[in-house]
Amino acid sequence: MSNRLNSKIAVITGGAKGLGRSIAEKFYEEGCKIIICDVLSSEAQKVAKNLKGKSFELDVSDSKQVLEIFNYINNLYNKIDILVNNAGINGFENRPDIIEERNRINKAQIREYSENKTIDTHFDVTVNMSDFDWFKMINTHLSGTFFCTREALKIMNKSNSGSIINMGSVLGTTGGPSSPHYSAAKGGILAYTRALARELASRNIRVNAIAPGYIDTDMTNSLGYVKDIVKSQTPMKKFGVVEDIAWAAVYLASDEAKFMTGQTISPNGGFVMSQ
Ligand SMILES: NC(=O)c1ccc[n+]([C@@H]2O[C@H](COP(=O)([O-])OP(=O)(O)OC[C@H]3O[C@@H](n4cnc5c(N)ncnc54)[C@H](O)[C@@H]3O)[C@@H](O)[C@H]2O)c1
């Protein structure tokens, strides 16, 4: 324990596993009080218990639920120092069929291009996307980030201080051929981060984003064949581990980052240089 976040109160969405869980663990080691909000109630409870914190079952895309939970947090603690908007999905949850199909298209396209053939294989994700899938992605990431930020600010504004960290992705900058809705949501989060940083500078509330490259978590475990392509295109030839992102979050949350606002930090093994 080194107390870089001593006595701070942090709300971490999507903290039941993956990057959010690692951020919660590192924050705890730095002396922070942890509040985890996640749709996975019992997993969130377990993590919070280990970290002597609290957990709430919350779907960040539901503004009524977000209002209720943040009111509850306000009544319990009367302050929030750090908000990490991390909850997210990749749209392939429980859909191995889609992943298999995307992998097939990827392989076939690479073959057609490399053999100088006519390109007959296309992703066609956009023409086939349902309203449901589009809005689920946008609402989980972008609306969820907005809803939680709005409610957290009602609490943070009272002390005119705080740090907000939004989870973007390299795909919010580079785009991805098979996830236009994910890229749109993450690109929106990066733009929202910059606007919010300008709006909140006068309140001494800093707002930054982390845009991870590919990190080993449940979200990327399902990628199959694409994992090898990504590794081969990454200068460091590997995926990151959750701590690579958690340390960036510790820095942005701490007073060591007191001159940082409106920025995007991107631990990505060189996959994208210069965000
Ligand atoms: N793993 C990567 O390579 C990677 C790369 C770039 C960005 N990201 C982003 O980092 C964040 C965390 O990803 P991860 O890899 O840890 O994924 P993960 O699937 O391991 O964890 C995501 C967490 O978010 C929770 N969640 C999902 N929808 C929710 C909702 N509506 N309300 C509340 N909680 C919800 C899940 O229950 C889970 O606990 C996501 O925003 C993701 O898009 C991940």
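Counting starts at 1 for both ligands and their atoms, following the listed order. On a predicted model such as this, the values are computed, not experimentally measured, just so you know.
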We want to know whether [X] and [Y] form a side-chain donor-acceptor pair, criterion being a heavy-atom distance below 3.5 angstrom.
X      : Y      : answer
Asn160 : Asn204 : no
Thr118 : Asp120 : no
Thr149 : Asn85  : yes
Thr121 : Glu112 : yes
Asn74  : Lys158 : yes

Protein contact of [atom] - nearest heavy atom, named by residue and atom, plus distance:
atom                    : answer
atom 44 (C) of ligand 1 : Leu19 CD1, 3.7 Å
atom 43 (O) of ligand 1 : Tyr182 OH, 2.7 Å
atom 13 (O) of ligand 1 : Met219 CE, 3.8 Å
atom 23 (C) of ligand 1 : Gly14 O, 3.6 Å
atom 40 (C) of ligand 1 : Asn86 O, 3.2 Å
atom 39 (O) of ligand 1 : Asp38 OD2, 2.7 Å
atom 31 (N) of ligand 1 : Asp59 OD1, 2.9 Å
atom 3 (O) of ligand 1  : Ile215 N, 2.8 Å

Centre of Phe239's six-membered ring, under 6.0 Å away, within 45 degrees of the axis: is that where NZ or CZ of Lys227 sits? yes
Show which atoms of ligand 1 fall inside a sub-4.0 Å distance from at least one heavy-atom site of [X].
X      : answer
Lys17  : 19 (O), 20 (O), 21 (O), 38 (C), 39 (O)
Val39  : 26 (N), 29 (C), 30 (C), 32 (N), 33 (C), 34 (N), 35 (C), 37 (O)
Leu58  : 32 (N), 33 (C)
Tyr214 : 3 (O)
Met167 : 9 (C), 10 (O), 11 (C)
Ile89  : 27 (C), 28 (N)

Linked hydrophobic residues, Ile229 as query - side chain contacts closer than 4.5 Å: Ile110, Tyr225
In the hydrophobic clustering (ILVMFWY, side-chain contacts below 4.5 Å, transitive), which residues join Trp134, or is it alone? Ile105, Phe123, Val125, Met129, Phe135, Ile138, Leu142, Ile189
[Y] and [X], any side-chain heavy atoms less than 4.5 Å apart:
X      : Y      : result
Ser63  : Arg150 : yes
Leu153 : Ile205 : yes
Ile89  : Lys136 : yes

Should His141 be listed as contacting ligand 1, given a heavy-atom distance under 4.0 Å as the test? yes
Tell me, please: is Gly168 in heavy-atom contact with ligand 1, that is, under 4.0 Å? yes
Does this structure show an ion pair linking [X] with [Y], if we count only N-O contacts that are shorter than 4.0 Å?
X     : Y      : answer
Arg21 : Glu25  : yes
Lys64 : Asp62  : no
Arg4  : Glu256 : yes
Lys46 : Glu43  : no

Taking heavy atoms and a distance under 4.0 Å, where does [X] meet ligand 1: side chain, backbone, both or neither?
X      : value
Val170 : neither
Phe239 : neither
Glu43  : neither
Thr220 : side chain
Arg21  : neither
Thr217 : side chain

Nearest to atom 22 (C) of ligand 1 by heavy atom, Gly18, Gly88, Ala185: which? Gly88
Considering only heavy atoms, which of Ser143, Cys148, Gly213 lies nearest to atom 4 (C) of ligand 1? Gly213
Do Gly20 and ligand 1 have an N or O pair less than 3.5 Å apart? no
